[in-house]
Structure formats: structure tokens, C-alpha cells
Amino acid sequence: AAVAAAAAAAAAAAKPLGLAGILRRFRRREKLVMVTAYDFPSSRLARGAGVDIVLVGDSIGNCRLGLPDTVGVTMDDMLSATKAARRGLDAPALGVGMGGVEGAPKPVLVGDMPFGSYLLEADALRNAAAFRMAGADIVKMEGGRSVAPLVRSLTAAGIPIMAHIGLLPQSAALQGGLRMQGTTAKAAAELVRDAKELAEAGAVSIVVECVPLEVGAAVQAAVPDVPIIGIGAGGGVAGQVLVCDDLLGLHGSPPSFVKMYADLARTSSKAYREYTEEVRSGAFPAQAHYRNMKAEELEKFRDLMPDVWKNAMASLVMEEMEQPCSECKPTSVVAPLPSGIGSFSTVPQAQRSNGSVPKQVTNTSHFLEFAAGRFSTMPKATLAQARAISHSPASGKAEAPPVQMLHTLADVRGWRHGMRKEGRTVALVPTMGNLHEGHLELIDEAKKHADDVLVSIFVNPAQFAAHEDLDKYPRTMERDIQLLQERGARAVFAPKPDEMYPTGSPGGTVVVPRFVQGRSEDACRPHFFTGVATVCLKLFNLCQPDIVIFGQKDAMQCVVITRMLEDLLLDETIKMVVAPTSRETDGLARSSRNMYLTAGMRSRAPAIYAALSSTTAAPGATAGEVRRAVTAQLEEAGFEVNYVSVADVSEMAEKADEEPVANSVVSVACLVREGDVQCRLIDNIVVPAAA
């Protein structure tokens, strides 16, 4: 019986829905679901999800062919995509275990007539027939009453037609651009007349795009026997259609009428970056990703080609020696916090479990310890070893308890009171969310210094100037919480703005770090450090941490917070620890901004750290020489340099050109551009005092 039931379900799943099925669902008042697809995998995924209609849209031009609009799409483009989508719908549906809907029939496939393919009746008949031969069940065409004669002719030829009114991307130039249609009573009435005449001509369905809610409902009411599929037309229609790339988040911010159900651009970019990093570092392929020859065959191979075998084995040994050290374990040396920039006091080191010290690589940077008014270098593991430490799995450990979410001031005070009663110390890691590996390494550092880690996620409006778009700052709370759970954070404080600023941002009382005003980063963003200092003081007062953790990448921020703790007499109760800048394998400082880099921009970005490293390493270098050399190298690499600062480590005051660069913070901010895309990057190096 079970086998028979499974066979029956499989047979039902293979049955096409067809136009008749669409109309049955419409008459039962079931909402119809349509989505675009341009190839085999996207149409197969749509079928597995139980979608009713798959549209091979001319939006392939914008989404997949890199065209500025749909006008350049050809019949060849559309027919090739239609054939691929047809194969996707005819392939076995995805199983329930892979997200598929059990028993889902094959959706109806619609082919979109591209611009210029139906200017004449003969063209329309020939091209619509080509769509049907390529596997489309229905053919779609844009236009109102003007295309009704073509709809009538094609219907008479046995080709079902889906019409398209409202915003018409193929002729958007005549409509004033990609904008809302039917916004006046007269324009709305014209759309209703279009729908009626197209329905009378034989259109089996009509797409209405980018019109007010009331107009979409009026169009459906005017043709009650024809399903209206809306896109940006509200919910008063028979069904909805979205461009698959928009709902999946493949191209950044979609139109306002789109709901993004995933953020595949970010996910895919992360996967590509990690793959690139692991190939370059040698982490991929690992043992799970290759197979060894059988011992007897390997011995025969050695005898057949001894020289080749010897060289091959030698290269494998060298490769193994250069892999990240899986035995490295992090330790920290925390110096006392004297005057000045005591924030640069945490000195991560690495030791092997057997007590030996990993070999040093001469071109890697060192961690620094500030004591007695000067920086001294401390040994550091290789970058690959450091990454191996931060990514090493916690095998054999019990799963961490769920992260506790705190949203209000009362939540935080209650949680902190409980920790204090238990005698537990707390480290605070302030963030604005959209977390990356650099943030997570701060969590790792915090766990070394306290019993529990509290992470704040708050997009601080006081840090944004009028020209900076607060609303577009990425919010990835669900993903952030998952990452923090995996990394072992104990609690997350995620307040709304009115919790932190009851009278509105920035509030009646603010913290103004006057000593950095007009210097390097503050000169570029004069609002920023007042916002940072104010929100940090609020967080410190509210959370009452024993330790706060910051990253060296934001050097001026570290100096501002350190000075604030000292000036407000908090440095005895709150210890500040600054972790070294987290870097990719090629030296690029990790930053949330890196997600905005195109592939070309990303390939150039490591030049920033290379310029800082090479110029500060020159024997006897002066501040002026470093400023000029860094600027020259970056401008030659195509960057627009905002500033190159060589400043003292306690006040961020610029050093005179003739002063030595030793015992300085060398920081840079620059713009990298590619076409219309630009991204501002910052980085710094702390140069130790001369021996």
C-alpha cells in the first residue's frame, strides 16, 4: 500500500498543472504564485516549491546578461533560456528533504516576448510559435489596447497569451521611466479599459505592474473571469509575481514592492571569499576532499618514474609543512594600563601544546605591548596559524547554551545583576551588527578575560551624518545571533533607538572628545566620535562591564574610548583591551565595508596594508617620508587618498615631518572606485618605539 501511495504521489507530481489547472485554482479563489526563472536550476527550484507559474522574463537582461535594461534582450536569448527552464520543470522535482513540496505538479511555463519581436503581426506569430516550440505553455507580451489585435490573432492561431499592463519596462522611456503608473483617476480608468479589451481579445491572464493597491483591485474587478497577476500592485488581485533574483537578494536593494526572502548576494560573496582564502592558504582541499592511491600502486608508480615520484613527494611534504599549525593554542599577555594609550595592552601569543614555539615568518607583523610610554614587539604566530586558531572547532565540548536576548534597559540591568550575584565577570563587545570574522575574533579575545561575554548590537544613529544613509546600514540580526551562539557569547543586547535615546538622538547631553577634533579621521567625519563616545558611555553605565573589547583597526576610536575612561575616572573599574586588527590572508583589514567591494576593487584593496607595512619598515623612516610614500603608492594603485596620518599614540596628534616614525600610529583612509561603485577603506599600523 505504501509503495502504491508513493507511486501515485509521483505520478501526480509529474502531471502538468496546465492552463486549466490555473483557472481551476483561480475560480476556487486560491492565490496564484508566479516567479521568474532563467535557467535549469531556478525553474527546478520553483517547481519544487510548488509555484504555479514560471515566467522566463525578459528581465534576464538586467539580472543575468548584465544589460542596463530589457531592450537589448534578443529572441535567441529568450529561446535559449526557455528551453533550459523547460528542462528544469521536466526534471524530477526536489524532494521534501531538500525543501520541495510533496506532490507539486509541473508549473505552467510562460515565455516573455522581447522588445521588437512583435512589431508586426507576422513577427508576432512567428516568434510566439518559436516560444511554444521551445517549451512555453503561454506567451507574454507587453502593452494595452494597442496590442489587442495581436492578442486576438495569436489566440486564433492557438497560442495562449498573457498580457502585461501598467509599468511596461520595454517602453518605460515613454512612461517617464520606471515609475508608478495609474496614479490619477484618468490613468487608472485607462488601465481598466486596457484590461477589458485585452480580456475580450482572448488574453488568458494579465500582469499589472507597479500601480496603486486600489487600481490593481479595480483591474481585477473589471475582468472577474481573468486572473490578474500583480507585481507591485497590492493584494487585491488573483496572484503575485516577483523576479527571482529580487526575492533572493542577488543584486543588492530591490524595488520597494519586493520582499527579500534571502540575501544570497551576501551568502554567495562570503562563500566565494572563503573558497579563495582557503585555496590560497592551502586549507582546501583538506583530507576529506581527495583520495590516495593504493599502497601497492603507489609503489609501482615510484618504480616506474622514480624522479617524478621523488619530486612529487617532496612538494607534498613542503605543502604539509606550510599548512596552518593545528596544534597552536592562543594565550594572552595583558599588561597593566598605565597612562596614555593603555588600550594597546593585549598581546596574543601562540604556543604549541608541547611547549615549543612555532617558527617565525619575517614578513609578518607583530603584536605590540605598550608599557613605560613606548611600544615593544612581542612574537606572533604566522597569519595562517592565527586563522587556524580562530577557526579551530571545539570538538568534544558541550554545545553552548542559547544566547540570551536583551532588548530593554531593564533586561540588561536584571541580567547584569544576576551575573554579579553569581560572582561572574563580564566582558562587553560593542558592535553595530552585520558581523564578520573580525568581530568574532573579538568574542574569542573577550572569553580570555571574563567569565561571560555580552555583545551589544545597536546601529547608533548618532554616528551617522545627514548625508550618510542610516536606513541602508545592513541589519542581519538572525545571522548575527547564530554566529554569536556558535562563538560562545552569553548574551546580546539589541535595543531600539528610543531605549538608548529616550528624547531622540543624540540626546541633550553628549560626550565630545575635543582632543581629536580636526585630526585625521575626525576631520573627515566630525560627527562620528561624539556619537561613538556618547553611546559607549551609555553602554558602559548600563552594562557595568569589567572589561571592554575593541579592535585596533579603528585606532582613533580606541584612543577616544581609552581617554574617556581616564578622564571620567572609569579606568579603575573598567579595563579596556584592544585586539590586533583582524586581516584576510592577503593582509586586507576585515571590515563590514568589504562586502561592498567588487571583485576588481577587492583585488586592489590589499595594497593599503602593503603600503603601510613597506613604508614603516624602512630603517630610520621619518613621519614625512612615510606620509609621502604611502600616498604615492596608493595613488599609483588607483586609490583616492583622504589622509595619511602619522600620529602619537596617546593624543593622535600629527608628528612633524622630520620626527621618526617610531612609537606612532600610522593610519590611512582612502576611496577605491570601479565604475559607479566606490568604497571607503581605513587601516592602520602601530609602529613600535625604537629598541
Side-chain angles (χ1 to χ4, degrees), residues 9-10 12-26 30-65 70 73 77-112 131-132 134-140 160 162 164 204-205 207 209 227 229-232 237-251 254-255 257-265 267-268:
K15 184 178 180 181
L17 179 61
L19 177 58
I22 294 293
L23 295 176
R24 280 195 301 272
R25 293 185 176 189
F26 171 59
E30 297 177 17
K31 287 291 187 180
L32 300 174
V33 182
M34 183 161 88
V35 70
T36 65
Y38 311 112
D39 48 32
F40 177 91
S42 57
S43 64
R44 188 178 184 217
L45 288 167
R47 177 193 171 183
V51 165
D52 302 306
I53 306 169
V54 169
L55 169 65
V56 182
D58 62 357
S59 50
I60 189 175
N62 313 70
C63 294
R64 301 297 170 85
L65 303 181
T70 63
V73 179
D77 295 330
M78 294 303 302
L79 294 178
S80 176
T82 301
K83 291 174 184 177
R86 179 80 264 170
R87 289 191 288 270
L89 297 184
D90 291 341
L94 293 173
V96 175
M98 295 181 66
V101 176
E102 188 171 4
K106 294 180 185 179
V108 169
L109 184 64
V110 180
D112 202 359
F131 268 108
R132 293 285 283 123
D137 301 303
I138 298 174
V139 176
K140 185 175 86 66
M162 175 181 284
H164 184 152
V204 299
S205 180
V207 170
E209 179 171 359
I229 309 297
I231 176 169
V237 293
Q240 300 292 323
V241 58
L242 283 179
V243 171
C244 61
D245 288 24
D246 287 344
L247 72 90
L248 295 174
L250 282 173
H251 303 291
F257 56 75
V258 172
K259 177 179 178 179
M260 275 177 51
Y261 289 84
D263 192 354
L264 293 194
T267 302
S268 301

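Contact record, Ala104 with Gly50: CB-CA, 4.0 Å, taken as the closest heavy-atom pair. The minimum heavy-atom distance between Gly135 and Arg86, with the atom names listed, is O-NH1, 2.8 Å. When all heavy atoms of Asp58 and Val73 are compared, the pair lying nearest together is O-CG2, 3.5 Å. The two residues Ser43 and Ala85 have their closest heavy-atom pair at OG-O, 2.9 Å. Considering all non-hydrogen atoms of both residues, Pro16 and Pro105 come closest at C-CB, 4.4 Å. Nearest approach of Ser59 to Tyr38, heavy atoms of both residues: OG-OH, 2.6 Å.
The shortest distance between side-chain heavy atoms of Leu79 and Phe131 falls below 4.5 Å. Between Val243 and Cys63, some side-chain heavy-atom pair lies under the 4.5 Å cut-off. Looking at heavy atoms from C-beta onward, Leu19 lies out of side-chain contact with Asp137 at the 4.5 angstrom threshold. The side-chain heavy atoms of Met162 and Pro227, taken from C-beta on, include no pair separated by under 4.5 Å. In this structure the side chain of Asn62 never reaches within 4.5 angstrom of the side chain of His251, judged on heavy atoms.
With values rounded to the nearest 0.5 angstrom, Ser205 atom OG is found 7.0 Å from Ile138 atom CD1. Between atom CZ of residue Phe257 and atom CD of residue Glu209 there is a gap of 5.5 Å, rounded to the nearest 0.5 Å. Distance check: Ile229 CD1 to Leu32 CG gives 5.0 Å after rounding to the nearest 0.5 Å. With rounding to the nearest 0.5 Å, the separation of CG in Asp90 from CZ in Arg44 is 11.5 Å.
Of the possible donor and acceptor atoms, none in the side chain of Asp112 sits under 3.5 Å from a partner among the backbone N and O of Val56. Using modelled atom types, no side-chain atom of Lys106 and backbone atom of Ala91 make a donor-acceptor pair closer than 3.5 Å. In this structure, Thr36 contributes its side chain and Cys244 its backbone to a donor-acceptor pair below 3.5 Å. Between the side chain of Asp245 and the backbone N or O of Leu250, no donor-acceptor pair lies under 3.5 Å.
Residues passing the side-chain contact (heavy atoms from CB on, under 4.5 Å) test with Pro107, sequence neighbours excluded: Arg47, Val54, Leu89. Under the side-chain contact (heavy atoms from CB on, under 4.5 Å) criterion, Leu65 pairs with Ile60, Leu67, Asp77, not counting sequence neighbours. Residues that satisfy the side-chain contact (heavy atoms from CB on, under 4.5 Å) test with Asp39, not counting sequence neighbours, are Pro41, Ser42, Arg64.
Screening Leu247, Asp52, Ile53, Leu45 for a side chain to side chain contact (heavy atoms under 4.5 Å, CB included) involving Val35 leaves a single residue, Leu247.
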